[in-house]
Chemist: 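One structure, as structure tokens, below. Some questions next.
Throughout, a chain's letter reflects where its sequence line sits, starting with A, and its residues are numbered from 1. Side-chain atoms are counted along with the backbone in the values below, which use heavy atoms only and exclude waters and symmetry mates.
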Protein chains: 2
Amino acid sequence: MEKADRMAHQDDSISLLKQKGLNPTPHRVMVLGILGNSPSPLSPQEIFATLQRFHPMNRVTLYRILEVLVAHGLVERIQSGDKAYRYGLNAQSPHAEHPHFYCSHCGGIQCVHAEGIHVQVEDIQKTFPGLIQKMEIRLDGICKNCLRNHKQKKTGNA
Amino acid sequence: MEKADRMAHQDDSISLLKQKGLNPTPHRVMVLGILGNSPSPLSPQEIFATLQRFHPMNRVTLYRILEVLVAHGLVERIQSGDKAYRYGLNAQSPHAEHPHFYCSHCGGIQCVHAEGIHVQVEDIQKTFPGLIQKMEIRLDGICKNCLRNHKQKKTGNA
DNA sequence: ACCTTTATGCAATTCAGTTGCATTATGGTG
DNA sequence: CACCATAATGCAACTGAATTGCATAAAGGT
């Protein structure tokens, strides 16, 4: 990646943080930058590993930064399908509700952009006594890559 | 609950286990019975606590039994919204896809039976390169009870 | 510079879940 | 019945993610 691009991304992160009244510390900028550069949500471990390469930081600090970013709406947190959260940038535009696909083989997560998914939360809310704040649709299965790699080996039952 | 009911449930559990070729051990029958009596999915901790009252067993044994039950399709495992799984009986009839509601305040889970939820997995599958095996819709929010308790605090009503 | 607040680091802890291995049923065969 | 094989359970120790408490460093305001 060109240096100018990185700088631009950094500026983006900085202004995002400032918009939310958050101190744009180097650590926060880095975390936000990593999330912004990723096409899919990342686990804290993945973020942590990426950080180690250029900008090592304490695990706890990462958790706390993610916590702050989520609390201020800069980052979305979704169920991963195993036992951990994944983090990704919140779209600035009204966040289009889309399913996430979780590969039970490699543990990877993908965003699924599909028409035909129109769940009317409002309709549910009409009859549901609690307060619905968020909806998450998760698809479980085997991703394209694992499917391909698996086809030859796959023999017999599991 | 009447003794006859309990016995009937026990018989149910036993025959379910036998149907799947599983040894209907007392522990397994107990776990299945607890799940069958619960209107909503339970965490291993909740199941464990219930077991302690009449039928104490080792944590590990519970985990292993749940594992076996899930593997044989007797029990469904869903994401809880915090970090743990919840377990519930699989409906014998073709399991109607329904959302689960997760209360971020008390951590409770409820099944939501709502019309107006018609996600066409088949439509997604047409354009999605991976293999979709399962879909989960999770609603997050505040449940009726927590909502009420929360209002009471705010308004001072008792 | 001084002090307060904020951000980060480090060590220790929690908690769910898992693994390895010993022990106890259970079932089948001679 | 004795004997062995297997399945089921228990116990202890371990893992890995996440959290907490407290110490230290950095940033901001007067």
Chemist: Which value, rounded to the nearest 0.5 Å, describes the distance between A:Lys144 atom NZ and A:Cys103 atom SG?
Modeler: 12.0 Å
Chemist: Please walk me through it: do B:Val75 and B:Val31 pass side-chain contact (heavy atoms from CB on, under 4.5 Å)?
Modeler: CA-CA 10 Å; B:Val75 162; B:Val31 171; over 6 Å; no
Chemist: Polar-atom pairs under 3.5 Å, protein N or O versus N or O of nucleotides 9-14 of chain C: list them with distances, or write none.
Modeler:
{"from": "C:dG9", "atom 1": "OP2", "to": "A:Asn58", "atom 2": "N", "distance (Å)": "3.1"}
{"from": "C:dG9", "atom 1": "OP2", "to": "A:Thr61", "atom 2": "OG1", "distance (Å)": "2.6"}
{"from": "C:dG9", "atom 1": "N7", "to": "A:Arg64", "atom 2": "NH2", "distance (Å)": "2.8"}
{"from": "C:dG9", "atom 1": "O6", "to": "A:Arg64", "atom 2": "NH2", "distance (Å)": "2.9"}

Chemist: B:Ser38: which residues meet the side-chain contact (heavy atoms from CB on, under 4.5 Å) condition with it, sequence neighbours left out?
Modeler: B:Ser40, B:Leu42
Chemist: Taking A:Glu136 first and then A:Arg138, would you say they form a salt bridge - that is, a charged N and a carboxylate O separated by under 4.0 Å?
Modeler: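 Looking at A:Glu136 and A:Arg138, the cut-off is not met.
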Chemist: Expressed as a whole number of angstroms, how long is the span from A:Leu17:CG to C:dT6:P?
Modeler: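 Rounded to the whole Å, the gap is 16 Å.
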Chemist: Could you tell me whether the phosphate oxygens of C:dA25, OP1 or OP2, come under 4.0 Å of any side-chain nitrogen or oxygen in B:Thr25?
Modeler: no
Chemist: Can you name the side chain to side chain donor-acceptor pair (under 3.5 Å) partners of B:Gln125, sequence neighbours left out?
Modeler: none
Chemist: In this structure, how many angstroms lie between the C1' atom of D:dG10 and the CZ atom of B:Phe48, rounded?
Modeler: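 To the nearest whole Å, that distance equals 11 Å.
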Chemist: Quick one: CE on A:Met57 to CD on A:Gln52, what's the gap to the nearest 0.5 Å?
Modeler: 8.5 Å
Chemist: Can you tell me if A:Glu46 uses its side chain to pair, donor with acceptor, with the backbone of A:Ser43 under 3.5 Å?
Modeler: yes
Chemist: Please walk me through it: do A:His100 and A:Val112 pass side-chain contact (heavy atoms from CB on, under 4.5 Å)?
Modeler: CA-CA 6 Å; A:His100 292 95; A:Val112 180; over 6 Å; no
Chemist: Give me the bend of the helix from C:dA1-D:dT30 to C:dG30-D:dC1, using the axes of the five pairs at each end, rounded to 10°.
Modeler: 10°
Chemist: List the atom pairs, donor and acceptor, that lie under 3.5 Å between side-chain atoms in residues 16-28 of chain B and the rest of the protein, sequence neighbours left out.
Modeler:
{"from": "B:Lys20", "atom 1": "NZ", "to": "B:His72", "atom 2": "O", "distance (Å)": "3.4"}
{"from": "B:Thr25", "atom 1": "OG1", "to": "B:Arg28", "atom 2": "N", "distance (Å)": "3.3"}
{"from": "B:His27", "atom 1": "NE2", "to": "B:His55", "atom 2": "NE2", "distance (Å)": "3.4"}
{"from": "B:Arg28", "atom 1": "NH1", "to": "B:Asn23", "atom 2": "O", "distance (Å)": "3.0"}

Chemist: A:Phe48: which residues meet the ring-ring contact (aromatic ring centres under 6.0 Å, His included) condition with it, sequence neighbours left out?
Modeler: none
Chemist: Answer yes or no: does a side-chain N or O of B:Gln45 lie under 4.0 Å from OP1 or OP2 of C:dC15?
Modeler: no
Chemist: Give the rounded distance in Å between these two atoms: CD of B:Glu46 and C1' of C:dG17.
Modeler: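 Going from CD in B:Glu46 over to C1' in C:dG17 covers 16 Å.
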Chemist: According to a strict under-4.0 Å criterion, is B:Tyr63 in side-chain N/O contact with OP1 or OP2 of C:dT18?
Modeler: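 Checking C:dT18 against B:Tyr63, no side-chain N or O comes under 4.0 Å of OP1 or OP2.
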Chemist: Could you check how far CD of A:Glu67 sits from P of D:dA17, rounded to whole Å?
Modeler: 18 Å
Chemist: Kindly state each residue pair satisfying side-chain hydrogen bond (donor to acceptor under 3.5 Å, both in side chains) with at least one member in residues 59-69 of chain A, sequence neighbours excluded.
Modeler: A:Gln45-A:Tyr63
Chemist: Give each protein N/O atom lying under 3.5 Å from an N/O atom of nucleotides 26-29 of chain D, with the pair distance.
Modeler:
none

Chemist: Quickly work out the B:Leu22 CG to D:dT6 P distance and round it to whole Å.
Modeler: 19 Å
Chemist: Atom CD1 of B:Ile65 to atom P of D:dA7: distance rounded to whole Å?
Modeler: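 Nearest whole value for this atom pair: 16 Å.
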Chemist: Give the rounded distance in Å between these two atoms: CG of A:Leu66 and C1' of C:dT8.
Modeler: 14 Å
